[in-house]
Amino acid sequence: MKLQGKTAIVTGAASGIGRAIAEQLAREGAAVAIADLNLDAARAVADAIESGGGRAMALAMDVTDERAVDEGTDEVARTLGGVDILVSNAGIQIINPIEAYSYADWKRMQAIHLDGAFLTTRAALRHMYRDNRGGTVIYMGSVHSHEASPLKCAYVAAKHALLGLARVVAKEGGPRNVRSHVICPGFVRTPLVDRQIPEQARELGISEEEVVRRVMLGGTVDGVFTTMDDVAQTALFLCAYPSAALTGQSFVVSHGWYMQ
Ligand code: NAD
C-alpha cells in the first residue's frame with residue numbers, strides 16, 4: 001500500500017480517467033473524494049470503492065463554482081482528515097473550427113479546464129500548507145498540452161496553460177513540500193472521446209474508422225489507444241514519489257504520439 005494514510009480529491013472522478021485514478025489511489029490505501037458535477041455517478045463510484053474495502057466519499061462539485069470548490073474541499077479535509085493529493089481532472093470537449101467557435105463555448109472550456117484547475121489548486125493548497133503537511137497536485141493535461149490539432153482551439157489553449165500553472169505551483173509549493181505535475185495522455189477510450197468520433201468525422205468529412213486510425217492513432221508508434229490504467233498507474237507513481245526530485249514536470253503517456 002503506497003498511499004496508506006493519505007487523502008485525495010479527484011475531480012471529474014465519476015467517469016473515465018478520473019474514476020480509474022480514484023480507484024487506483026484507493027487500492028493503494030488513500031481515502032478518496034469523488035468530486036463531480038454528477039453526484040449520482042460519483043456516489044456509485046464511492047460505493048464501489050467502499051464495497052471493495054477502500055475509503056471514499058462522494059461530493060457534488062462544479063469546479064467552476066468558487067464557493068462549491070472552497071466549501072467542498074474544506075468538507076473533504078474535515079471528513080477524511082486533510083488533503084494530501086489533488087488530481088484536477090474534470091474536463092469536457094467542444095470541437096469546432098475557430099471561425100465557428102462560439103465565445104460562450106470558448107469561455108466554458110476555459111472555465112472548466114483552467115478556472116477549475118486554479119480554484120481546486122487554491123483550495124487544496126490551503127490545506128496542504130497547513131502545518132507543512134505538503135502534498136501532490138496533478139493536472140490532467142493532454143498531448144494537446146504540447147501539440148495542436150484542428151478543431152480544438154479552446155482545449156489546446158487550456159491544456160497548454162496547465163503547464164504554466166503546474167510550474168508555478170512547483171516553485172511556490174517546493175519550500176512547503178508540495179509537488180506538482182501534468183499528466184498528458186494520448187487518446188483514451190472514454191465517453192469524452194467516444195462522443196468526438198462521429199463529431200470529428202462530420203467536421204472533417206471522413207469516416208469514423210478514419211478518425212480513429214488517422215486522427216486519433218495516426219501519430220502513435222503502434223496504433224494503440226492509451227488506456228485508463230496507463231494514466232492511473234502514472235498518477236500513482238507521481239503521488240507515491242518521495243521527493244521533489246520530480247516536480248513541475250509533464251509526463252506524456254501517448255504511445256509515442258508526442259515525444260518531449
Ligand atoms: P469523461 O467525460 O469520461 O469524464 C469527465 C468527468 O468530468 C465527468 O464525470 C463529468 O461529469 C466531469 N465534469 C465535467 N465538467 C465538470 C465540472 N464543471 N465540474 C466537475 N466535474 C465535471 O472524460 P475523460 O476522457 O475521462 O476526461 C478526463 C480528463 O482527461 C479531461 O480533463 C480530459 O481533457 C483529459 N484527457 C482525456 C483524454 C481522452 O482521450 N479521453 C486524453 C487526454 C486528456
Side-chain angles (χ1 to χ4, degrees), residues 8-13 16-18 21 63-64 69 85-95 98 101 106-125 128 134-188 190 192-193 216 219-220 226 228 230-241 243-260:
I9 301 177
V10 185
T11 69
I17 292 171
I21 291 174
V63 297
T64 70
V69 171
I85 294 165
L86 166 67
V87 183
S88 173
N89 163 83
I92 61 166
Q93 182 60 280
I94 302 173
I95 62 162
I98 294 175
Y101 215 97
W106 168 272
K107 284 195 283 196
R108 187 159 161 245
M109 290 291 285
Q110 305 312 319
I112 295 174
H113 290 274
L114 209 47
D115 300 357
F118 163 70
L119 290 172
T120 52
T121 300
R122 190 182 65 177
L125 284 181
M128 291 175 180
T136 305
V137 179
I138 292 180
Y139 300 99
M140 197 50 58
S142 164
V143 163
H144 288 113
S145 299
H146 298 276
E147 281 278 0
S149 290
L151 309 178
K152 296 189 174 175
C153 59
Y155 188 82
V156 169
K159 292 300 192 189
H160 272 65
L162 290 177
L163 298 176
L165 178 59
R167 289 170 186 150
V168 175
V169 174
K171 291 211 171 185
E172 288 187 8
R176 297 160 100 165
N177 198 23
V178 171
R179 301 183 286 275
S180 172
H181 299 290
V182 186
I183 299 178
C184 300
F187 281 99
V188 181
T190 66
L192 179 141
V193 159
M216 296 189 163
T220 64
T226 301
M228 290 185 250
D230 295 330
V231 182
Q233 293 297 340
T234 307
L236 171 62
F237 168 74
L238 294 173
C239 291
Y241 197 80
S243 79
L246 287 183
T247 192
Q249 302 302 309
S250 91
F251 292 82
V252 182
V253 189
S254 73
H255 286 255
W257 172 13
Y258 179 81
M259 301 186 193
Q260 39 188 359

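Positions are given from 1 along the sequence. Note that these values count all heavy atoms, side chains included, but never hydrogens, waters or copies made by symmetry.
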> Which heavy atom of Thr247 sits nearest to which heavy atom of Ala170, and what is that distance?
OG1-CB, 3.4 Å

> For the residue pair His255 and Thr226, what are the closest heavy atoms and their distance?
CD2-OG1, 3.6 Å

> If the test is ring pair (Phe, Tyr, Trp, His ring centres under 6.0 Å), which one of Tyr139, Phe118, Tyr155 qualifies with His113?
Tyr155

> Between Thr11 and Asn89, which heavy-atom pair has the shortest distance, and what is it?
OG1-N, 2.8 Å

> Do Val253 and Gln233 touch side chain to side chain, with heavy atoms closer than 4.5 Å?
no

> Once you round to the nearest 0.5 Å, how far does SG of Cys184 lie from CH2 of Trp257?
11.0 Å

> Evaluate the side-chain proximity of Val252 to Met259: yes if any heavy-atom separation is below 4.5 Å, no if none is.
no

> Could you grab the distance from atom CG of Leu238 to atom OG1 of Thr136, nearest 0.5 Å is fine?
8.0 Å

> Tell me, with the steps shown, if Leu246 and Arg179 meet side chain to side chain contact (heavy atoms under 4.5 Å, CB included).
CA-CA 8 Å; Leu246 287 183; Arg179 301 183 286 275; 5.9 Å; no

> For a 4.5 angstrom cut-off between non-hydrogen side-chain atoms, does Val193 reach Val188?
no

> Is there a side-chain contact between Asp230 and Pro185 (heavy atoms, below 4.5 Å)?
no

> As an exercise, state the distance from CD1 of Ile17 to CG of Leu192, rounded to the nearest 0.5 Å.
8.0 Å

> Report the C-alpha distance between Tyr258 and Ser145 in whole Å, list the side-chain angles of each, state the deciding distance to 0.1 Å, and finish with yes or no for side-chain hydrogen bond (donor to acceptor under 3.5 Å, both in side chains).
CA-CA 10 Å; Tyr258 179 81; Ser145 299; over 6 Å; no

> Got a donor-acceptor contact below 3.5 angstrom from the Lys159 side chain to the Met140 backbone?
yes

> Please report the interatomic distance OG1(Thr64) to CD(Gln110), rounded to the nearest 0.5 Å.
13.0 Å

> Between CD1 of Ile183 and CG of Leu162, what distance do you get to the nearest 0.5 Å?
12.0 Å

> Please tell me if the side chains of Thr121 and Leu86 come closer than 4.5 Å, counting only heavy atoms from C-beta onward.
yes

> Determine whether Leu119 and Arg122 make a side-chain contact, defined as any pair of heavy atoms from C-beta on separated by less than 4.5 Å.
yes

> What are the two closest heavy atoms between Ile98 and Cys153, and how far apart are they?
CG1-CB, 3.8 Å

> Name the orientation class of the two ring planes belonging to Phe187 and His144 (parallel below 30°, tilted from 30 to 60°, perpendicular beyond 60°).
perpendicular

> Taking all non-hydrogen atoms of both residues into account, name the closest pair between Ser88 and Thr120 and its distance.
OG-OG1, 3.7 Å

> Looking only at atom types and distance, does a side-chain atom of Gln260 sit under 3.5 Å from a main-chain N or O of His146, one as donor and one as acceptor?
no

> Would you compute the distance between atom NE2 of His181 and atom OH of Tyr241 and round it to the nearest 0.5 angstrom?
9.0 Å

> Of all the heavy-atom pairs spanning Ala166 and Val182, show the shortest one and how long it is.
CB-CG2, 3.4 Å

